[in-house]
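The structure under discussion appears below in the form of structure tokens.
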Amino acid sequence: MQAPAVFTGVDVYQRSFNPQEYLKEFYTLSDSEGRPNAFLIQNLRSLFTMFSLDGLRGDTLIDVGCGPTIYQLLSACERFQEIIALDYTDQNRRELEKWLKNEAGAFDWRPVVKYVCELEGDSEKWAEKEEKLRQRVKQVLKCDVTKANPAAPVSLLPADCVVSAFCLEAACKDLAAFRSALRNIGAFVKPGGHLVMLITLQGTFYAFNKQVFSCLYLERNAVVEAVEGAGFDVKFREVQPWPPSDVRTDCKDVLSFVARKRASVTA
Ligand code: SAH
């Protein structure tokens, strides 16, 4: 495919990101011909595995770069009582709030919620899970991962867990910025707490709605080194191939990992 002009720059998300088109493109469980969304299913399964690990529980969780999505919180909300969701883009936070407040026109996550309930062994509890998640998300706030305090001017108390899916590779222009953003969001985690991430490997763009967004090209080892450099030890990781022959991106794999913050950070 001949790639159209790539959108880059500080405010590209605020200017160009259409949450409803993004959701339709990447977060329907199966397409109009009934083909399953392998990308989403893989990610739901990884999140289920990670949020079933021993020790991955606590009071507070912060979702960094939540976008307009909730799939990344469906297993997490069984393990953490209070959730704060952060994103840079106004329209993404607004779209998330529509679902949280059960407003007309909100994205229909039910098929995805039901799928996660099946993974968790009780397909009947989907309405209960939706209700639980709506109650557990206490705040939706603006953030910028390139800032030393991404939630400024708000000072958040360090949380038991930070989850972040497909945000840092979208927000960071080079490896130095990526390392620094990891330290910034790592500061949201209490010593002994966890960082859970989904991140694309070896990709330079993703596209939807006839727009192309740039993505930081990352190798697995560079991510692991940056995570360790931010004061964490990787406890679990898996790499899954991006479903083949997908013209919407050139990403090769998705890396999922859980890392635990060391008690004293010498980074
Ligand atoms: N977590 C969601 C959204 C990923 S899309 C998912 O898994 O699908 C990338 C997200 O990163 C967008 O919501 C965008 O608003 C956010 N983002 C881009 N630059 C950012 C920055 N500097 N700080 C925080 N979030 C940013």
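Counting begins at 1 with the first residue of the sequence. Numbering of ligands and ligand atoms starts at 1, following listing order.
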Can a cation-pi geometry be assigned to Lys252 and Trp242, taking NZ or CZ under 6.0 Å from the six-membered ring centre and within 45° of the ring axis?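 No.
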Does NZ or CZ of Lys142 fall inside the cone over Tyr88's six-membered ring, less than 6.0 Å from its centre and within 45° of the axis? yes
Of the side chain and backbone of [X], name the one, both, or neither that has a heavy atom under 4.0 Å from an atom of ligand 1.
X      : answer
Tyr13  : side chain
Cys143 : both
Val145 : both
Thr69  : side chain
Tyr22  : side chain

Going by distance alone, is a donor N or O of one side chain under 3.5 Å from an acceptor N or O of the other, for [X] and [Y]?
X      : Y      : value
Thr200 : Glu169 : yes
Glu25  : Tyr27  : no
Glu95  : Gln91  : no
Arg110 : Tyr115 : no
Gln72  : Thr69  : yes

Under 3.5 Å between any N/O of Asp87 and any N/O of ligand 1: does that happen in this structure? yes
Considering both backbone and side-chain atoms of Tyr206, is one of its nitrogen or oxygen atoms within less than 3.5 Å of a nitrogen or oxygen in ligand 1? no
Atoms of ligand 1 close to [X] [distance to a heavy atom under 4.0 angstrom, numbered from 1]:
X      : value
Gly65  : 1 (N), 2 (C), 3 (C)
Thr89  : 14 (C), 15 (O)
Phe166 : 4 (C), 5 (S), 7 (O), 9 (C)
Gly67  : 3 (C), 13 (O)
Asp144 : 21 (C), 22 (N), 23 (N)

Determine, for Lys132 against Glu78, whether the closest basic-nitrogen to carboxylate-oxygen distance falls under 4.0 angstrom.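 Looking at Lys132 and Glu78, the cut-off is met.
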Quick check on the hydrophobic clustering: are Leu53 and Leu74 connected, directly or via other members, by side-chain heavy-atom contacts under 4.5 Å? yes
If you take the nearest heavy atom of each of Tyr27, Phe26, Phe213, which one is closest to atom 6 (C) of ligand 1? Tyr27
Pick whichever of Cys66, Cys167, Ala171 has a heavy atom sitting closest to atom 11 (O) of ligand 1.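 Comparing heavy atoms across Cys66, Cys167, Ala171, the nearest one to atom 11 (O) of ligand 1 lies in Cys167.
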